[in-house]
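Report on the structure given below.
The shown structure was predicted, so the numbers you read here are calculated from the model rather than taken from an experiment. Read the numbers this way: they start at 1 and go in the same order the structure lists the ligands and their atoms. Numbers here are sequence positions counted from 1.
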Amino acid sequence: MKKFYITTPIYYVNARPHLGHLYTTTIADLIARFKRQRGFDVFFLTGTDEHGQKIEQAANKRNHPVKEHVDEVVAEYLDIFSRYGFSNDHWIRTTDDYHKEAVQELFRKANEAGYIYKGYYEGWFCVGCAEFKEEEEQGKAPFCPLHDREAERVSEESYFFKLSAFQEPLLKYYEEHPEFIKPESRRNEIINFVSSGLKDLSVSRVSVKWGIPVLDDPAHTIYVWFDALSNYITALGWGNKVRSGFDKYWPADLQLVGKDILRFHTVYWPAFLMAVGIELPKTVYAHGMWISGGRKISKELGNIIDPNILLKFFSRDYVRYFSAREMVFGLDGDFTYSALINRVNSDLAKGLGNLVSRTLKMVEKYCQSIIPSAPKAFTSPDASESWQKTAQALRDSTIELSKVFELEFNDYNFSRALEAVWEIISKVDKYISDSVPWNLAKDPSNKEHLDTVLYTSLEALRFITAMLAPIMPDSTLSIWLQMGLANKPNDINPESLIWGELPSGNKIGEVKALFPNLDKDKLMAEIEEEKKKMSDSNEVKPAENTSPITEVVAVTEPVIETAKEPIPELKPMINIDDFLKVDLRVAQVLEAERVPKADKLLRLVLDAGEENKRQILAGIAQYYTPEEMVGRKIIIVANLEPRKLRGFESQGMLLAASIGEAGKPVVAGFLEDVPNGARLK
Ligand code: MSP
């Protein structure tokens, strides 16, 4: 199986998450899902960068102990990221012990290899950027436009990394690996920067206490970028025994970063790796910035877009679609709520949503909700009626445009990939309108023609839905269910779809409105009101849900229409002793299989850290395949009385969120790695 290792930057915890952080993670999530759908063994890493002076200062400003401060911000990140349903495989925190140990090891190795020496550093330091700035005018503090302030004069003993020694090796590497820095324009920028000369880099601070100490010289803490960049390998177990996967997943296939931090990732990072003899990542891709009010959205500039507000008014699929469609990947984009509403109304409500509902409603009305059989247009060589030719032409252009989608997506041109899908949508729309099926339905002798129109439209819809699954997991799952299809669109590789294999004779599901048209004026007024209430300040607020269990539980699978879900009534109060009677444990699924003649049940064999394996039966078979459960870490009620179901003893119960009237289960899991058998309390 081919592997794909994808990373996002790890986010500073000096303030709350905003749209910018959400954006990189959203794009990484789209790519991770796209690759998984195509059979790759994906490892998707994200997390938080928690050391350094600016974190320390943010905590001091709030009069909070630093660790308490970072824990609070991390809880907010976990809360918001889990509500967005990101499918990351691990969440790294640079305050994790395994990471700290491995960073010290990397520093030690670079030192051992002769690339680190001790000296004195004097210079202008921008705390916001956590880097020294060039002096442009002699003796005058340089001004940092990004953080709207002057840099500070700093002089201290410091360890230095011999970055200058890597100027030639880096230039050679860029030359020989044109795919290392993308897009091309950014590559040229970096080549010019490195060609103009590299100075050695100060990689320790005595003035910063909140950091990882240098082994054998603990008065020095390791420079925050040396610490942070290492996360991409420490999370895979390099330099520690807690994590694993380095041999399997390294080198990274794609490291996504904002263009603001490209230099760190394409000059410092590869130089650190070269110093200790580790292979370099294959591609570092710099995307553009979301702009608001003419400036980059940033916590320092106070013009952030709050992900909580976004999620209150828009489903996560809307935000994902907008992120992929509106911003040309690699370039900056202006964020406005108005543009988001316009996109939803034009592309989703009028475009995709309308096509789904008009097609399915016709199947309901003209075919008693049963998918018609594959028409002669696709099964017989002598289908020569003009309406059969039209259906064949639509088939051909759908297949051709799905190839365009693949090519563009693989090149990370998300907006162009989506344009290709919307071209199919408008072709199908036109095909339906031109074929006038409501007239065909008036005369039974047109049945074959009518069935051909419906089958062709449904088949195109199947292709469209499979392609869109990584971008809009919730809505595509809903379309899939409405079409009465088995499995999940996530599990279907669009490249292996064969036209004409839409199973006929299937009954379609209940047809529901997917993307209601948004009332722009009303919504804009409500958003303004909400913004006032929440005040987009940089103040860190505690996560909405701070109970110890929910903090770490991540919803990793798509949920349909989450925003509109009514909240179930609270059960009667219990006391802590009642709660402590429930023994909740972490368990890993070792084996999974369907229970014969019970279409809702999966039999799971678990490692709950005990001597013997456990077996439980879970009513999730309609939503999870056995394959996708194997390997997952889940939460079980371990002291529930065993009971027999369908001849099997169930020794516990799995925890899952229950969604909607149908009680769709979404299995609870963890963003971080946890040992089997660990107790939840
Ligand atoms: N902690 C460092 C990164 C260390 S990686 C080893 C850092 N953190 S950050 O919190 O400032 O976030 C950086 C990333 O967030 C950017 O590179 C970018 O990916 C994303 N964004 C932050 N603001 C953004 C926009 N306004 N628009 C788009 N993405 C932005 O730098």
Worksheet item: What residues, two or more places apart in sequence or in another chain, satisfy side chain to side chain contact (heavy atoms under 4.5 Å, CB included) together with Ser323?
Response: Tyr23, Thr26, Val319
Item to complete: Before signing off on this row, confirm whether Pro9 and ligand 1 have an N or O atom pair separated by under 3.5 Å.
Response: no
Item to complete: Quick one: look up the protein heavy atom nearest atom 26 (N) of ligand 1 and list residue, atom name and how far away it is.
Response: Ile297 O, 2.8 Å
Fill in: Proximal candidate to atom 12 (O) of ligand 1 [heavy atom criterion; set Tyr23, Trp269, Tyr11]
Tyr11
Worksheet entry | Minimum non-hydrogen distance to atom 25 (C) of ligand 1, winning option of Met327, Gln255, Met289, His287 | Met289
Worksheet entry | Protein contact to atom 3 (C) of ligand 1 [nearest heavy atom, distance to 0.1 Å] | Ile10 O, 3.2 Å
Item to complete: List every atom of ligand 1 that sits less than 4.0 Å from any heavy atom of Ala228, numbering the atoms from 1 in the order shown and giving each element.
Response: 6 (C)
Discussion item. To check your reading of the model: name the closest protein heavy atom to atom 24 (C) of ligand 1, its residue, and the distance in Å.
Written reply: Gly20 CA, 3.4 Å
Worksheet item: In terms of residue, atom name and distance, what is the protein heavy atom nearest to atom 9 (S) of ligand 1?
Response: Tyr12 CD1, 3.7 Å
Worksheet item: In terms of atom number and element, which parts of ligand 1 are under 4.0 angstrom from non-hydrogen atoms of Thr24?
Response: 18 (C), 19 (O), 20 (C)
Practice prompt. Say whether, by atom type as modelled, one donor and one acceptor occur between the side chain of Asn240 and the main chain of Val242 under 3.5 angstrom.
Written response: yes
Discussion item. Considering non-hydrogen atoms of the protein only, which is the closest contact for atom 27 (N) of ligand 1, and what is the distance?
Written reply: Trp290 N, 2.8 Å
Practice prompt. Could you tell me whether Arg263 atom CZ has more than 12 heavy atoms of other residues or ligands within 6.0 Å of it?
Written response: no
Worksheet item: Do NZ/NE/NH1/NH2 and the carboxylate oxygens of Arg108 and Glu112 come within less than 4.0 Å?
Response: yes
Fill in: Lys/Arg N to Asp/Glu carboxylate O, Lys3 vs Asp253, below 4.0 Å
yes
Worksheet item: Counting from 1, what ligand 1 atoms have a heavy atom of Tyr232 closer than 4.0 Å?
Response: 5 (S), 6 (C)
Fill in: Short N-O contact, Lys172 and Glu168, less than 4.0 angstrom
no
Fill in: Option from Arg16, His18, Lys531 for which side-chain hydrogen bond (donor to acceptor under 3.5 Å, both in side chains) with Asp306 holds
Arg16
Fill in: Donor-acceptor pair, side chain of Trp210 and main chain of Glu50, under 3.5 angstrom
yes
Worksheet item: Going by the order shown, which atoms of ligand 1 are within less than 4.0 Å of some heavy atom of Asp260?
Response: 16 (C), 17 (O)
Worksheet, complete the sentence: ligand 1 atoms nearer than 4.0 angstrom to some heavy atom of Asp49 are 1 (N), 2 (C), 4 (C)
Discussion item. Does this structure show an ion pair linking Asp217 with Lys118, if we count only N-O contacts that are shorter than 4.0 Å?
Written reply: yes
Item to complete: Please confirm whether Tyr77 comes within less than 3.5 Å of ligand 1 when only nitrogen or oxygen atoms on both sides are compared.
Response: no
Response to the item:
closest protein heavy atom to atom 22 (C) of ligand 1 is His18 CE1, 3.9 Å
Discussion item. Taking the ring centre of each residue, are Tyr223 and Phe161 less than 6.0 Å apart?
Written reply: no
Worksheet entry | Numbered atoms and elements of ligand 1 in range of Gly288, under 4.0 angstrom, heavy atoms | 28 (C)
Worksheet item: Considering only heavy atoms of Ile261, which atoms of ligand 1 have at least one such atom less than 4.0 Å away?
Response: 3 (C), 17 (O), 31 (O)
Discussion item. Does ligand 1 come near enough to Gly258 that some N or O of the ligand is less than 3.5 Å from an N or O of the residue?
Written reply: yes
Practice prompt. Would you mind checking if Arg416 and Glu419 are paired as a salt bridge, meaning a charged N to carboxylate O distance below 4.0 Å?
Written response: no
Practice prompt. For the pair Asp29 and Arg316, find out whether any cationic side-chain nitrogen is under 4.0 Å from an anionic carboxylate oxygen.
Written response: no
Discussion item. Just to be sure I read this right, does ligand 1 sit under 4.0 Å from the backbone of Trp225, its side chain, both, or neither, counting only heavy atoms?
Written reply: side chain
Discussion item. For ligand 1 and His265, I'd like to know whether there is a polar contact (N/O to N/O, distance under 3.5 Å).
Written reply: no
